[in-house]
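Everything below concerns the one structure shown next.
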Amino acid sequence: MTPPKITALSMVRALNEALRSALDEDPKVLVMGEDVGRLGGVFRVTDGLQKDFGEDRVTDTPLAESGIVGTAIGLALRGYRPIVEIQFDGFTFPAFNQIVTQLAKLHARSEGVLRLPVVIRIPYGGGVGAIEHHSESPEAYFAHTAGLRVVTPSTPEDAFWMLRQAISTDDPVIFFEPKRRYWEKARADLSSPPAALHAARVVRPGRDLTLVAYGPMVGLCVEAAEAAVAEGRDLEVLDLRSLSPIDFDAVQASLERTRRMVVVHEAPVFFGAGAEVAARITERCFYHLEAPVLRVGGYHSPYPASRMEHEYLPTVDRVLDAVDRALSY
Amino acid sequence: MTPPKITALSMVRALNEALRSALDEDPKVLVMGEDVGRLGGVFRVTDGLQKDFGEDRVTDTPLAESGIVGTAIGLALRGYRPIVEIQFDGFTFPAFNQIVTQLAKLHARSEGVLRLPVVIRIPYGGGVGAIEHHSESPEAYFAHTAGLRVVTPSTPEDAFWMLRQAISTDDPVIFFEPKRRYWEKARADLSSPPAALHAARVVRPGRDLTLVAYGPMVGLCVEAAEAAVAEGRDLEVLDLRSLSPIDFDAVQASLERTRRMVVVHEAPVFFGAGAEVAARITERCFYHLEAPVLRVGGYHSPYPASRMEHEYLPTVDRVLDAVDRALSY
Amino acid sequence: MSTDVADAAGGEGGAPVRAHEPELVQLLTPEGERVDHPAYAIDLTPAELRSLYRDMALTRRFDGEAVALQRQGELALWVSALGQEAAQIGSARATRRTDYVFPSYREHGVAWCRGVDPLSLMSMYRGVTNGGWDPHATNFHLYTIVIGPVALHATGYAMGVAKDGADMAVMCYFGEGGSSQGDLSEAFNFAAVNNAPVVFFCQNNQWSISTPYEKQSRVPVYQRAAGFGFPGVRVDGNDVLAVMAVTRAALDHARGHNGPVLVEALTYRMGAHATSDDPTRYRLAEETAVWERKDPIARLRTYLERQSLAGADFFAHVDAEADALAARVRDGLRSMPDPGPTEFFDHVYAGQHALVDEERAQFEAYLSTFEETTR
Amino acid sequence: MSTDVADAAGGEGGAPVRAHEPELVQLLTPEGERVDHPAYAIDLTPAELRSLYRDMALTRRFDGEAVALQRQGELALWVSALGQEAAQIGSARATRRTDYVFPSYREHGVAWCRGVDPLSLMSMYRGVTNGGWDPHATNFHLYTIVIGPVALHATGYAMGVAKDGADMAVMCYFGEGGSSQGDLSEAFNFAAVNNAPVVFFCQNNQWSISTPYEKQSRVPVYQRAAGFGFPGVRVDGNDVLAVMAVTRAALDHARGHNGPVLVEALTYRMGAHATSDDPTRYRLAEETAVWERKDPIARLRTYLERQSLAGADFFAHVDAEADALAARVRDGLRSMPDPGPTEFFDHVYAGQHALVDEERAQFEAYLSTFEETTR
Ligand SMILES: Cc1ncc(C[n+]2csc(CCOP(=O)(O)OP(=O)(O)O)c2C)c(N)n1
Ligand SMILES: Cc1ncc(C[n+]2csc(CCOP(=O)(O)OP(=O)(O)O)c2C)c(N)n1
Ligand SMILES: [Mg+2]
Ligand SMILES: [Mg+2]
């Protein structure tokens with residue numbers, strides 16, 4: 001079951017390969033969630049896994065997210081490494097109590113005695129024309145919660161490696177999967193990890209301004225950077241990859257090169273990741289900044305019905321508008 | 001049942017008076033929660049209310065926070081105005097799904113048809129030597145959630161008026177009560193509201209730097225400002241009072257006067273309210289800032305056992321340390 | 001092992017033992033024969049029987065039309081109620097106008113009976129709105145996508161009804177999958193403790209997406225009720241008469257200040273979970289075929305025909321009505337306008353909120369730069 | 001109203017009807033007389049009976065000492081187990097060393113039987129730590145303050161035990177108040193569906209802070225189990241023999257691959273909810289007095305004395321042991337060191353985390369400015 005080395009594959013397939021190899025290598029690894037078995041999950045990320053590893057390793061659960069995460073915690077206390085699938089972003093909240101008051105805190109509560117190697121996979125974000133609660137970006141809730149690690153890949157290669165790394169981490173990891181990127185194919189090198197789990201990565205170097213993004217918005221920022229070339233602007237794109245911790249050294253290094261920064265995410269701007277990046281980078285690089293760090297993101301509104309999502313979400317135009325404003329300082 | 005006009009009273013008493021007068025004026029107002037009846041709540045905020053208004057208006061619920069908030073939503077849909085008590089900050093999370101996916105969104109989901117005048121009172125914050133989950137400051141989770149209003153008083157007078165205003169608001173209000181201030185007495189004018197629910201207030205004017213705080217930290221910042229006088233520093237203290245919305249006009253006005261700002265809260269700094277204030281104020285007032293907006297708050301750790309809380313929480317010294325740093329730019 | 005414990009477990013074996021399937025309340029057999037039940041009687045006029053048929057047939061028609069319209073790209077998604085018409089029409093027709101109904105997201109037949117325009121339902125699945133209708137107009141609440149919370153809303157509403165002393169009951173629909181959510185159990189408990197006039201109506205269509213009922217619960221859903229201290233009944237959910245009779249009794253019970261009731265209607269989801277779903281991945285065609293023979297509409301039609309309660313002209317008339325309804329829905333959906341670009345700012349709060357105002361102003365200013373460009 | 005629905009409701013009346021109190025399993029009457037039960041037998045040696053007495057007496061003693069130490073400021077809080085000794089010792093002594101136990105926050109007697117030092121329990125209530133002991137050492141999990149979640153941890157742990165094929169069971173303690181949390185019901189369901197070897201042990205001490213049981217549930221807790229498809233038993237929680245017999249049977253049932261059991265031990269919280277609580281605000285002294293006559297320790301003592309299974313020297317020896325234990329606890333607590341000022345950074349994560357490192361470095365730098373000042 002060695003995964004193919006370099007190949008073009010979708011993120012769904014990359015995640016599937018990561019789960020498959022983890023199940024294969026470690027008998028303690030379990031996959032659990034609603035419809036992850038015969039169906040292979042509503043996005044087919046777990047396709048074929050139950051067939052190959054059995055119902056005891058890949059398990060359909062009752063419809064109860066608190067139950068899923070709560071029993072995963074119990075299984076972890078028993079020495080297992082459960083990987084939980086939450087069906088959609090908006091259905092994380094029934095499990096929120098388990099995640100915030102228990103999963104995040106048990107290691108600290110036990111003064112390091114108990115380990116909670118639980119990965120919670122959450123397909124997140126919008127732009128796919130879905131109904132309510134199927135397009136949300138709740139990452140800020142988790143990044144604010146000490147004891148959790150929060151990561152999100154933007155490419156199939158990262159998806160594969162970051163999931164492998166998350167599974168082998170002894171801390172709980174909230175693993176956000178940008179569902180609008182699930183089906184995009186890209187070449188992926190599955191022979192060695194591109195970076196550490198929490199390292200940010202310069203996706204596109206540039207000199208005039210840094211676009212900071214993660215997950216679904218990385219691709220959009222690359223598009224924006226390419227569009228900006230026509231206007232003679234050379235934008236750097238930095239993929240955070242991890243939201244807890246955030247690789248501020250990489251953010252700072254980029255800012256010191258470009259001196260201007262725009263943070264882009266789908267989640268509402270208010271109390272979102274952009275605020276943390278802006279606040280900390282402004283503190284770290286006060287004298288380097290030529291303009292305030294600007295933010296582009298969702299508005300302070302429940303995620304709207306899908307026929308308004310194009311207006312609600314960041315677009316290339318909205319990113320370029322912010323770039324214009326940042327460059328006008 | 002007219003409340004006394006100007007008097008010295010504790011915040012617990014002020015809140016009790018506010019609930020009493022609301023129950024008295026509007027038969028649709030209900031008080032519900034664990035032990036709010038005969039016991040009067042673990043903090044006695046609802047003391048005597050069941051005796052005076054009956055079990056039908058002031059109701060002890062089963063031990064289930066999702067049930068409490070969920071039935072409060074149903075009661076609101078039926079035309080009631082429920083005021084829910086969550087016993088301690090750390091017990092808000094079982095109700096998180098109800099609050100975030102339902103309470104916050106039903107008005108928008110119904111395109112304005114349904115109104116959700118529910119107030120959720122949460123005693124919050126630390127410094128009282130309590131066991132785990134009794135000292136947390138979860139306000140960022142709620143401020144990030146569109147559809148909720150989030151407020152927190154710092155004085156008995158504000159507690160009285162802001163709770164009255166919250167109860168008469170047609171939107172859901174998360175009402176955070178700084179439990180470490182519950183028993184401090186202060187003169188309160190109960191004859192007319194001091195300000196609108198969402199207005200920030202300059203508690204102490206100053207010229208050299210603005211300390212932005214809310215709830216339990218306002219008093220600490222005033223102490224810090226008084227201590228700073230000895231060093232010849234004139235610090236302004238701004239009480240935000242509301243975290244959703246934040247009165248950024250007031251914050252900006254203060255910053256434009258003082259040109260330096262430190263935000264202080266008990267909640268962890270990472271993805272906390274300080275980040276939002278820093279990011280937005282830096283955007284609004286880039287050329288006015290002499291120093292980056294600095295933040296003092298809890299660390300990225302679960303709230304520690306109480307014998308470490310003095311180290312974990314902001315203190316006058318830590319605030320003054322940040323002031324020194326801000327003034328050294 | 002003591003006998004007490006072993007007895008209640010239903011056996012000594014190691015594997016989970018499915019409890020003996022309890023008898024279903026049934027008044028009309030799959031073959032269309034009228035049978036009696038000792039506890040539940042129903043006596044409907046021929047006109048009433050025909051109108052039950054009509055509601056089921058029209059529901060099936062606009063529901064099927066929606067599936068087609070989804071394929072044509074007019075809807076983002078549709079969740080079909082195919083096969084559940086008896087459970088929905090029978091229960092909905094048992095409610096009074098003054099009762100208040102909380103649906104889940106598949107109660108198109110209930111919505112129909114309550115007077116909600118099918119186009120309103122579709123506006124939500126089209127992506128035009130997250131709501132779609134005014135619940136006050138029909139006492140039919142909005143669909144709710146997150147499974148669980150609404151059971152507590154229904155309970156709270158019913159607690160309010162009790163406070164008001166109003167002569168009405170509250171209905172709360174959910175699926176057997178939903179029964180696993182903690183919120184359902186909390187609702188059962190709050191309703192019992194408060195003696196709230198609410199009927200919990202579970203459509204056990206045996207599938208929660210790809211998860212069969214035996215992975216959801218060890219025992220039938222209706223048995224949950226006794227553990228919280230109130231009655232539960234299991235009814236043949238493909239028998240519109242039995243569903244109506246049982247639901248009427250349950251609503252009367254609730255209205256009569258006797259507290260909640262849990263009704264489990266045993267039915268079957270004939271179609272996919274939703275238009276995005278492919279049931280061939282997880283269930284056998286044979287299983288669906290078995291249930292085809294229990295079809296709720298065919299069953300009533302057989303009865304009406306055999307008893308000469310309805311003739312060919314009646315069925316032709318209903319077919320024509322169904323065609324007209326489908327055409328209206330099709331046209332209405334195709335010409336349904338999109339929302340304006342800033343509408344999502346409109347109802348975040350009932351009152352004024354500075355942040356929303358600020359963001360709206362910024363967004364409008366941004367949009368206006370395009371207007372200038374195009375001008 | 002049909003009889004089906006009415007029957008299950010337990011009556012036609014408008015008010016919530018408390019179901020007929022079911023018979024408790026009892027083997028030792030409040031008067032200290034040994035009685036038989038058709039399903040639950042127990043046969044203990046005199047030494048075993050005496051050691052049950054000893055465990056109860058020592059638990060009561062260090063528990064009472066903790067209350068006193070809280071008053072003296074040595075503990076931030078204490079939640080007394082006074083009156084619940086039989087429920088705790090009887091059930092704990094039914095577990096095997098290899099079983100794994102999930103307590104709530106009041107199981108001091110269980111902790112004692114598992115070998116957890118009372119000082120460790122007190123270190124948490126002193127504010128020195130949020131944990132206090134190594135669960136692996138005694139198979140006794142940490143106390144958990146948020147009520148509800150732990151039932152699912154126990155269930156998941158038991159699911160793991162089943163996967164491992166290990167010959168053991170899992171115990172999960174909770175209060176009757178906790179039974180209302182959705183997580184408990186989800187745990188019941190997951191345990192039933194997975195046939196997990198877990199015993200849910202409810203101490204119904206009749207009060208959840210100030211909330212009496214009749215506001216918590218309409219029926220006895222043990223009845224909840226049947227609704228999820230597994231057995232429930234109610235036992236006299238002040239009868240250490242009955243508790244032990246029933247819990248043994250339940251654990252055997254679980255270990256024997258028959259799935260979960262719910263045991264409800266009917267007992268009474270003799271003291272305040274916690275040292276911060278004032279029960280005179282909400283309950284009558286008369287009620288407490290009634291329960292004093294059912295005291296679990298006095299009951300066993302009477303039996304031991306009447307049957308001449310223990311003499312004055314035994315009781316004197318236990319008293320002396322208790323005195324010594326109290327003294328050790330007192331001294332240990334008074335000399336218990338405070339944690340270091342940066343310890344809260346130590347175990348946020350098992351691995352390295354850049355933010356924690358950064359904040360720790362900043363905090364240490366800040367602290368060092370004081371050291372310089374004092375130097
Ligand atoms: C809290 C939550 N988790 C997951 C989902 C995704 N989901 C939508 S429908 C469904 C299955 C529901 O099954 P059931 O309750 O039996 O109702 P049915 O769809 O069969 O009518 C699931 C898992 C959801 N909507 N809400
Ligand atoms: C989720 C949650 N809500 C509220 C509380 C506050 N609280 C602590 S103990 C208690 C009462 C618990 O009653 P019960 O479950 O019967 O256990 P007992 O205290 O009687 O042992 C409450 C409400 C809590 N700890 N957790
Ligand atoms: Mg179903
Ligand atoms: Mg209790």
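Lettering follows sequence order; numbering is per chain, from 1. Just so it is clear, the values below take in all heavy atoms, side chains as well, and ignore hydrogens, waters and symmetry mates.
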Looking at D/Ala350, D/Ala162, D/Ala187, which makes the most heavy-atom pairs under 4.5 Å with chain A?
D/Ala350
Non-hydrogen side-chain atoms of A/Asp171 and D/His353 separated by less than 4.5 Å
no
Which atoms of D/Phe345 are under 4.5 Å from chain A, going by heavy atoms: the side chain, the backbone, both sets, or neither?
neither
For A/Arg280, is it the side chain, the backbone, both or neither that has a heavy atom under 4.5 Å from a heavy atom of chain D?
side chain
For the residue pair A/His107 and D/His347, what are the closest heavy atoms and their distance?
CD2-O, 2.9 Å
Please classify the contact between A/Asn97 and chain D as side chain, backbone, both or neither, with a heavy-atom cut-off of under 4.5 Å.
side chain
Does any backbone or side-chain atom of A/Arg115 lie under 4.5 Å from a heavy atom of chain D? Answer side chain, backbone, both or neither.
side chain
If you count heavy-atom pairs under 4.5 Å between each of A/Thr61, A/Thr59, A/Asp56, A/Asp170 and chain D, which one has the most?
A/Asp56
Can you find a heavy atom in the side chain of A/Leu77 that is under 4.5 Å from one in the side chain of D/His141?
yes
Side chain, backbone, both or neither: which part of D/Asp346 has a heavy atom under 4.5 Å from chain A?
neither
At a heavy-atom separation under 4.5 Å, does D/Phe102 approach chain A through its side chain, its backbone, both, or neither?
side chain
Between D/Pro135 and A/Val113 the two heavy atoms that sit nearest each other are CD-CG1, 4.1 Å
A/Gly147 backbone acceptor or donor facing D/Tyr349 side chain under 3.5 Å
yes
Return the option, out of A/Ala72, A/Gly74, A/Ala146, with the maximum number of heavy-atom pairs under 4.5 Å with chain D.
A/Gly74
What part of A/Glu111 gets closer than 4.5 Å to chain D, counting heavy atoms only: side chain, backbone, both or neither?
both
Highest number of heavy-atom pairs under 4.5 Å with chain A: which of D/Val356, D/Val161, D/Asn189, D/Thr155?
D/Val161
With only heavy atoms counted, which part of D/Leu142 is less than 4.5 Å from chain A, the side chain, the backbone, both or neither?
side chain
Walk me through whether A/Ile68 and D/Phe190 qualify under side-chain contact (heavy atoms from CB on, under 4.5 Å).
CA-CA 9 Å; A/Ile68 299 168; D/Phe190 272 71; 4.1 Å; yes
Closest non-hydrogen contact found for A/Ser66 with D/Asp183 is OG-OD1, 2.6 Å
Let me confirm one number: the CD-CZ distance from D/Glu358 to A/Phe248, rounded to the nearest 0.5 Å.
7.5 Å
In sequence, state the C-alpha distance, the side-chain angles, and the governing distance for D/Glu186 and A/Thr71, and then conclude on side-chain contact (heavy atoms from CB on, under 4.5 Å).
CA-CA 10 Å; D/Glu186 292 192 13; A/Thr71 54; over 6 Å; no
Got a sec: does the CZ of A/Arg38 have more than 12 other heavy atoms crowding it under 6.0 Å?
no
Side chain / backbone / both / neither for A/Ser244 at chain D, heavy atoms under 4.5 Å:
both
So which part of D/Val170 gets closer than 4.5 Å to some heavy atom of chain A, the side chain, the backbone, both or neither?
neither
Considering only heavy atoms from C-beta outward, does the side chain of D/Tyr157 approach that of A/Leu75 to under 4.5 Å?
no
Heaviest contributor of heavy-atom pairs below 4.5 Å to chain A, chosen from D/Asn130, D/Val150, D/Ile145, is D/Asn130
Under 4.5 Å to a heavy atom of chain D? For A/Thr101 that would be side chain
Under 4.5 Å from any heavy atom of chain A - which part of D/Ala158:
neither
Would you sort out whether A/Gln102 and D/Thr144 count as a side-chain contact (heavy atoms from CB on, under 4.5 Å), showing the intermediate values?
CA-CA 9 Å; A/Gln102 305 302 316; D/Thr144 303; 3.6 Å; yes
Can you say whether D/Ala354 sits under 4.5 Å from chain A via the side chain, the backbone, both, or neither, judging by heavy atoms?
both
Chi angles and distances behind the side-chain hydrogen bond (donor to acceptor under 3.5 Å, both in side chains) call for D/Gln352, A/His198:
CA-CA 10 Å; D/Gln352 188 257 345; A/His198 301 291; over 6 Å; no
With heavy-atom distances below 4.5 Å as the criterion, would you say the side chains of D/Lys163 and A/Leu30 are in contact?
yes
Specify which of D/Ser185, D/Gly132, D/Gly156 makes the most heavy-atom pairs with chain A at under 4.5 Å.
D/Gly156
